[in-house]
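Here's the structure, in structure tokens; my notes come after.
Starting from 1, each residue takes its place in the sequence as its number. Numbering of ligands and ligand atoms starts at 1, following listing order.
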Amino acid sequence: MFPKIIHFFCLLLSPLILHSTLSSSISSRVYIVYLGHNHLNDDATLTSKYHLRLLSKVFASEEDGKRAMLYSYKKSFSGFSAKLNASQAIALSKMEDVISVFESRTMKLHTTRSWDFLGLPIPSYTNNRSTLFPLRLPSYGDHDVVVGIFDSGVWPESKSFDENEGIGRIPCNWKGKCVKGYRFNPASACNRKLIGARYYLNGFEAQYGALNTTADNPEFRSPRDFLGHGTHTASTAVGAVVHNVAFPTSSLLAKGTARGGAPWARLAVYKVCWGKNYEGKCTDADVMAAFDDALHDGVDVISASFGETPPLTPLFESASAIGSFHAMQRGVSVVFSAGNDGPHPSLVQNVSPWSICVAASTMDRTFPTPIFILNHFSIMGESLITTNIINVKLADAINYFNDGICERKNIRKGGKSGKGKVVVCFSTVGQVSIATAQEALKAINASALIFGAPPTTELPDLDLIPTVRIDIDQATQIRNLLAELPRLPMVEIGVARSVIGKSVAPTVAYFSSRGPSSILPDILKPDISAPGVNILAAWPPETAPTVRPSGKFNEEEEGVKWNFQSGTSMSCPHISGVVALIKSVHPNWSPAAIRSAIITTATKVDTSGNTILAGGSMKASDPFDIGAGQVNPIMAINPGLIYDITTNDYITFLCNIGYTDQQINNLILNPSPHFCCRQSTATIANFNYPSITLANLRSTTTIRRIVRNVSLNKNAIYFLRVLPPYGVRVQVWPRVLFFSCFRQQISYYVTITPLRKSRGRYGFGEIQWFNRFHTVTSPLVVRLATYLVHTN
Ligand SMILES: *[C@@H]1O[C@H](CO)[C@@H](O)[C@H](O)[C@H]1NC(C)=O
Ligand SMILES: *[C@@H]1O[C@H](CO)[C@@H](O)[C@H](O)[C@H]1NC(C)=O
Ligand SMILES: *[C@@H]1O[C@H](CO)[C@@H](O)[C@H](O)[C@H]1NC(C)=O
Ligand SMILES: *[C@@H]1O[C@H](CO)[C@@H](O)[C@H](O)[C@H]1NC(C)=O
Ligand SMILES: *[C@@H]1O[C@H](CO)[C@@H](O)[C@H](O)[C@H]1NC(C)=O
């Protein structure tokens, strides 16, 4: 691991930051040329001319350069995107002032990794977040907060985006606007709630051709949302209060009140993700343009539920990392989803140290469903079945499919009909998903599916064929019974009951991407977890609520105004709502301070009082599953202490990861004139992050953290509690923190001593400062190097 990191640092040292695949390509592709902050800030036209001049240097004429240019980014930082061939990109990367040149990649929306998770109708459950998000705090107009949603657009007619009662005028410093487009008339679409709506297509069209808006691939050339994802996330973050919300396609109506985490906040929509084959595609070139506008428009929070599939690229070669870096410098918080690539380790996305990365967790709801194998035994599974299934026989998949693999292509030639049969399939035989097995059973006309799979939070969809999920051991028991019996037994399946508040929650969703960060293992990611399974929120009524395995929306389903969705895409806007809440109470807090408040007040226990479980393994979660824990919005408003991060801290961080003084000068808005990387002795370990990670501890190491009093209480004495990670001794000095009106900020030191050898094993502990009013907890993550350096 260690040599690899070194290699990565060396790459960063050179201004020539390009992908190795680049040299082999001949044709033109979309590249982003990034130049840092905008030196020529005062004059946007000057900046554009400068960009064009730079670009024209690699073309025969300025005309050719103009034609190749897609965007000139000039409002909030400096850079441009253009269609280039590899040699042009290399030539540009060698020019002075160029910080990086990288190919525009396509990011995915983080709804769900597969169709299995989409559109699960959850009967008789109201998405009651009132316990999480207090409506009274703050009152309208206290401090206007604008939340920018980077996503697939918005369905402006949804009640979630109606003006709140008593909402004030649009803040006069707001510079954003609603742009016109197909079926999007700013006069009727926008109001005092939805105050901005823009869309970005140049990058998408340069990479995928003209936007296809045919019946085969419906999309709107405007801020209007077709995919539904953007409407859903926006209403989760800032949706107004809407009573009597239901999910009408389900037979058991889910009635209740829907609303976002910050219902009083304003919404600005930046459409950067476009539907192609019913999948959201968001290009770096378009995302850069959205950041450029949004930061200039005056948003306070940005919520982005998309990411690039690992391997991750270095920080300044990604629109999300660059955009959020400039956001941070302007005091704008950026919240990203962690990705849906769990439960395997190291696949967490959006890991930059200046943004918030959100994992997803479940809520306390189960759907127990009884299966009676007549004259034998009965077991309990989980399903969304709403009518009893009787007078059917139970059969093994082996009777219908080659090798018992429940796939359409494995149906036995001239095989029997499955009519009147409930068939048992295993997820582990041929590695089939529920959707695949459902399609296969539908094809043989079976009555229902019993699906044996490892315990997960995944629940089968209602539509294709009734399905009960059971555990592998239960399925094995059934299979062994069937093998013994001369004739197929009769079976009955009862209806699912929806049980709320009985089961233990939260559990980390098994799809939620796990740490450690594959490019910056010394910064803990994800940061925090929030609900992301079966979230009910607004939906475009013209878009069917579920997608078929064929990749198309299910046309048989009628339109709905509210829909259930799962993914870190859904947990991300919960945190964006909490950030908006904190921002409205503490308008002057930096993004780092707000993140610190969220991280240090998170809860690590579930409703049973035990450590939150990690879905997938069903073992106690650790910070790589859940970050600091499940968000606790009320505590986050008043955290007592915060770990803030200054401009100098960021400079030191950039020095540490290999940037030169010259590059840093171009990246940081107002660096102190005398900074110099070489003189800086600080290490990444001292970067004042609210969690502490040492990914490669070789010898006794002392690190520093600085905490600031933000408590409202006069009494500001904090005591220490330390939980040391496996294999190390942890000493903290001082052991008590006394704050006074003269001493609002205190440094403390943590000395970590390795006690044994280890081979790549991470240990998890924590450092906690507490008093009667506050508990301020930092995860402490340590991995010992394989070879220790002994010091005395
Ligand atoms: C790249 O484009 C430039 C300008 O159009 C051209 O002169 C050059 O030959 C191209 N290089 C390659 C490798 O195609
Ligand atoms: C939501 O939960 C709160 C607190 O548990 C309760 O008072 C309220 O009645 C619930 N609202 C709905 C719509 O169920
Ligand atoms: C639009 O997409 C559909 C489905 O992918 C395709 O069949 C059709 O040819 C496309 N139309 C245009 C104008 O590109
Ligand atoms: C399933 O039913 C359809 C329609 O009734 C029929 O065409 C098909 O042959 C059946 N398949 C099997 C495997 O019995
Ligand atoms: C801590 O800070 C808050 C405001 O930030 C202040 O009101 C309070 O008095 C401070 N406490 C002490 C002991 O100084």
- Task: Please answer whether the main-chain N or O of Arg105 pairs with a side-chain N or O of Asp284 as donor and acceptor at a distance below 3.5 Å.
- Result: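 Here the side-chain-to-backbone pair exists.
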- Around Asp473, counting heavy atoms of other residues, nucleotides and ligands shown, do more than 12 lie under 6.0 Å from its CG?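 It does: Asp473 CG has more than 12 such atoms within range.
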- Message: Could you tell me if Asp293 and Tyr200 have a donor-acceptor pair between their side chains, going purely by distance under 3.5 Å?
- Response: yes
- Do protein heavy atoms approach atom 2 (O) of ligand 4 to less than 4.0 Å? yes
- Message: Please report whether atom 14 (O) of ligand 4 has a protein non-hydrogen atom at a separation of less than 4.0 Å.
- Response: yes
- Task: Please find out if less than 6.0 Å separates the ring center of Tyr34 from that of His326.
- Result: yes
- Task: Examine Phe325 together with Phe316 and report whether their ring centres are nearer than 6.0 Å.
- Result: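 Distance test on ring centres: under 6.0 Å, yes.
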- Message: Starting from atom 11 (N) of ligand 4, what is the nearest protein heavy atom, named by residue and atom, and what distance separates them?
- Response: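 Nearest neighbour among protein heavy atoms for atom 11 (N) of ligand 4, to 0.1 Å: Asn445 ND2, 2.9 Å.
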- Note on the structure: Note: ligand 4 atoms sitting under 4.0 Å from heavy atoms of Ala443 are 11 (N), 13 (C)
- Message: So if I count the atoms of ligand 4 from 1 in the order they appear, which ones are less than 4.0 Å from some heavy atom of Ser417?
- Response: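 Per the distance check, 14 (O).
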- Task: List every atom of ligand 1 that sits less than 4.0 Å from any heavy atom of Ser87, numbering the atoms from 1 in the order shown and giving each element.
- Result: 1 (C), 11 (N), 12 (C), 13 (C)
